[in-house]
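Structure first, then comments.
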Amino acid sequence: MLDKILIISILLVLPIVAQTQEVAERQLDNNSISIYDNDLLSADFHSGRREELRKRMKSNSVAIFLAAPVRNRSNDVNFEYHQNPNFYYFTGLNEPHAMIMIFKEPTEVNGRFIKDVVFMQEKDPETEIWDGKRYGTSGATMILGLDMALENKVFHEMELDLDQFDEIYVQNIHDDIRDVPFKNGDLFDLKAKLDVKLNKVKSKQKNGQLSLWCAELREIKTDEELNLLKKAITITCEAQREIMRALNPSMTEYQAEAVVEYIFKANGAEYPGFPSILGSGENSCILHYTASRRPMNKNDLLVCDIGAEYHGYTADVTRTLPANGKYSYEQETIYKVVLEAQQAGIDVCKEGKNFWDPNIAATTVLSQRMKELGIIKNSSELRRYFMHGTSHYLGLDVHDVGRYGKLEPGQVITVEPGIYIPQGSPCDQKWWNIGVRIEDDILITNGKPVNLSGCVPREVEDIETLMLEKSRFND
Ligand code: GLY
Ligand code: MN
């Protein structure tokens, strides 16, 4: 166990370096943060991403990102914190109340020429007793490899005039940043002070370019990112296989969700990357059903659309299962139509194709087959039963950022056609309450598409066979 635990005690062994930091150092001792994972993105990754961003920035410019706000759940309980993916991508810092400035050229800050500066929460032993250890400014420079880290409270008095830059890029900031009472130097204060500085240089702001550059960078995964994404996908496939084994019609949707999320946590995923979708019977036709309250029945289909998040990277894999282990004739018929459409979509996931080509390929199959089954009369009616696109990028966000242009090696996209026929639809009643979605995570290469979630069965016979296996949850 111990060999898996990487205790970061650099702060203890590098006292001389620590003394060179800008902020008056505390006695650095066992108050320093412990990091238990040894496969996080490296400091080199984050500094490499900052360098890539700099290449795109105009000369004499600065890019600014804020950390995600802490979101209140109710009264004095907050939602579990989740970092702004862009901020995480460029820093590796998972703490709230922080901001990074990335300079195109080394820029003088507090008497030093630096390429980036992070403003962040100071270490605070009393709060850390409740919320856990913080990096502190020394941790940020030494562990995360940031050029300079300063405490938030010094931001308003620092000698950095934004007017010295020709262009300023600020990531669009959501407006739900709330003031934390009795707390100086929170994100609210940081943004208020930033706004004062920005208001003086409004004409220099070119914010739209920044989101384009983030999309351009984030849509192509580096090897380090791919390793984490593959891990998230592998965990998710394991959860899909386990729910196939465990599922039976006496379960509720929340019990199916419990099986899935147990596997996520047991394999080290921090959380689901999005609320798990376990929709049975009529709920199989609700695209983003998350309530999970329904008891299942023996003739139900269960749409299981799930994704573990591992060190920031989110999988997204969907299978549609018969609650009793055997698809009915009608269920199997629709299932095979969706599967054929999905395969047509996957087949065109090739370098140089357009982002929307898998959608076109899958939709063509769905349209044709739905007409043959007499469920629709013409292609324009397909939208009633297939009302979403087949693909999105996958990465730090489940619906990751990207430019929706050509497919390129290093991109990972989903291919997820579906057919949803709710009760009351204008077709034979035998099709009602059949909702089917099949989703896999496809890596674009300079050769064939690679199905990263191919380790979980998709074919009817393979799913029914796996469903016969015993689950560790059966008892
Ligand atoms: N996994 C849900 C979605 O892609 O919308
Ligand atoms: Mn998806």
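When a ligand or atom number is given, it counts from 1 through the structure's own listing order. Only this structure's heavy atoms are used, side chains among them; waters, hydrogens and symmetry mates stay out.
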Legend entry - atom 5 (O) of ligand 1: nearest protein contact (heavy atom, Å): His288 NE2, 2.6 Å
Legend entry - Protein heavy-atom partner closest to atom 2 (C) of ligand 1 - residue, atom, separation in Å: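 The answer is Asp305 OD2, 3.4 Å.
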[X]: its N/O/S atom lying closest to the Mn ion (ligand 2) (atom name):
| X | answer |
| --- | --- |
| Glu439 | OE2 |
| Asp316 | OD2 |
| Glu416 | OE2 |

Legend entry - His399 N/O/S atom closer than 2.8 Å to the Mn ion (ligand 2):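 Looking at His399, which is the residue asked about, there is no N, O or S atom under 2.8 Å from the Mn ion (ligand 2).
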Inset, instruction - Assess the pair Phe264 and Tyr310: is the distance between their ring centroids shorter than 6.0 Å? - result: no
Legend entry - Proximity of Tyr327 and Tyr335 rings by center, below 6.0 Å: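 Yes; Tyr335 has its ring centre under 6.0 Å from that of Tyr327.
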Inset, instruction - Would you please classify the geometry between the His82 ring and the Tyr271 ring as parallel, tilted or perpendicular, with 30° and 60° separating the classes? - result: tilted
Legend entry - Heavy-atom side-chain contact between Leu228 and Glu225 under 4.5 Å: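 No, their side chains stay 4.5 Å or more apart.
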Legend entry - Qualifying residue, where the test is side chain to side chain donor-acceptor pair (under 3.5 Å) with Lys326 and the options are Glu464, Glu332, Gln331: Glu464
Legend entry - Test ring pair (Phe, Tyr, Trp, His ring centres under 6.0 Å) applied to Tyr89 and Phe65, Phe45, Trp213, the passing residue: Phe45
Inset, instruction - Apply side chain to side chain contact (heavy atoms under 4.5 Å, CB included) to Glu167 and Tyr169, showing your working. - result: CA-CA 7 Å; Glu167 291 198 352; Tyr169 319 106; 2.7 Å; yes
Inset, instruction - Under 4.0 Å, heavy atoms only, figure out whether ligand 1 is touched by the backbone of His399, its side chain, both or neither. - result: side chain
Legend entry - Close approach, Val398 and ligand 1, non-hydrogen under 4.0 angstrom: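 Contact absent.
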Legend entry - Where ligand 1 meets His392 - atom numbers and elements under 4.0 angstrom, heavy-atom basis: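 Ligand 1 atoms under the 4.0 Å threshold to His392: 4 (O).
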